[in-house]
Amino acid sequence: QVQLVESGGGLVQAGGSLRLSCAASGRTGSAYGMAWFRQAPGKERELVCAISWSAGSTYYADSVKGRFTISRDNAKNTVFLQMNSLKSEDTAVYYCARAREAYSPTWTRPDGYGYWGQGTQVTVSS
């Protein structure tokens, strides 16, 4: 069983910042890649960024490079997403996700993830 609980979403003006957190419990831990996805109204869910199990490597979608930072605290089973210079197009429900398998080489691919939280809404007003 895997439980992922996101928090930190809200309403922010364009150019502002938000920090999302994801508390993981159950079959989680430092052996799994973690990621943030988002889904805007009428659009498919997309992979925003990911971090390897060791936190030594990260991946970012082109649309968020230089603005978003993913990090993890394995001691606390928590993953973070720092979002700066937010734009209206960042408005979406943001989901935390865990890789399907431990030490998986597919941690940078959307199909490498099989567990998601309930999501947290991020709304950026222009």
Side-chain angles (χ1 to χ4, degrees):
Q1 195 78 356
V2 177
Q3 293 86 38
L4 303 170
V5 180
E6 303 94 337
S7 61
L11 174 64
V12 63
Q13 289 188 333
S17 299
L18 279 177
R19 190 189 196 211
L20 305 184
S21 298
C22 172
S25 60
R27 292 192 64 185
T28 61
S30 59
Y32 296 92
M34 298 293 292
W36 288 94
F37 287 72
R38 68 185 179 187
Q39 187 167 20
K43 295 186 177 181
E44 293 188 355
R45 185 164 55 189
E46 64 171 340
L47 176 60
V48 176
C49 55
I51 188 166
S52 65
W53 53 87
S54 66
S57 298
T58 54
Y59 162 86
Y60 295 94
D62 288 344
S63 58
V64 306
K65 279 181 182 177
R67 300 188 299 121
F68 288 14
T69 302
I70 187 172
S71 61
R72 65 190 296 168
D73 183 340
N74 286 336
K76 296 182 178 180
N77 282 337
T78 304
V79 180
F80 304 98
L81 179 60
Q82 179 66 43
M83 305 185 293
N84 298 328
S85 302
L86 283 161
K87 306 175 181 180
S88 57
E89 50 263 44
D90 295 319
T91 294
V93 177
Y94 283 71
Y95 299 90
C96 175
R98 198 212 79 177
R100 293 181 185 275
E101 299 177 358
Y103 308 111
S104 172
T106 60
W107 64 274
T108 61
R109 290 169 38 184
D111 61 357
Y113 292 85
Y115 303 91
W116 287 271
Q118 83 289 347
T120 185
Q121 176 70 47
V122 172
T123 303
V124 184
S125 63
S126 57

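Between L81 and C49 the shortest heavy-atom distance is CD1-SG, 3.5 Å. Scanning both residues, M34 and C22, for their nearest heavy atoms gives CE-SG, 4.5 Å. The nearest pair of heavy atoms linking T108 to L47 is O-CD2, 3.3 Å. Listed here is the closest heavy atom pair of Q82 and N84: NE2-OD1, 2.9 Å. Counting all heavy atoms, side chain and backbone alike, I51 lies closest to S71 at CD1-CA, 3.8 Å.
Cluster note: L11 groups with no other residue, as no ILVMFWY side-chain heavy atom lies under 4.5 Å from it.
Under the 30°/60° scheme for interplanar angles, the aromatic rings of W53 and Y103 are found to stand perpendicular.
Residue-environment remark: CD (E89) exceeds the threshold of 12 foreign heavy atoms within 6.0 Å.
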Next on the checklist: If you apply the rule side-chain contact (heavy atoms from CB on, under 4.5 Å), what do you find for S63 with R38, and how did you get there?
Outcome noted: CA-CA 12 Å; S63 58; R38 68 185 179 187; 3.5 Å; yes
Item to check | Intermediate values then yes/no, side-chain contact (heavy atoms from CB on, under 4.5 Å), I70 and Y60 | outcome: CA-CA 9 Å; I70 187 172; Y60 295 94; 3.5 Å; yes
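Side-chain atoms of R45 and W116, non-hydrogen and from C-beta on, do get closer than 4.5 Å to each other. The side-chain heavy atoms of V79 and W36, taken from C-beta on, include a pair separated by under 4.5 Å. Looking at heavy atoms from C-beta onward, L86 lies in side-chain contact with F68 at the 4.5 angstrom threshold.
Side-chain atoms of Y113 come within 3.5 Å of backbone atoms of W107 as a donor-acceptor pair (strictly under, hydrogens ignored). With R67 contributing its side chain and S85 its backbone, the two residues share a donor-acceptor pair below 3.5 Å. In this structure a side-chain-to-backbone donor-acceptor pair under 3.5 Å is present from T91 to V124. R98 places a side-chain N or O within donor-acceptor distance of the main-chain N or O of R27, the cut-off being under 3.5 Å. Under a 3.5 Å cut-off, the side chain of E6 and the backbone N or O of Q118 do form a donor-acceptor pair.
Under the 4.0 Å criterion applied to side-chain N and carboxylate O atoms, D90 and K87 are not assigned as salt-bridge partners.
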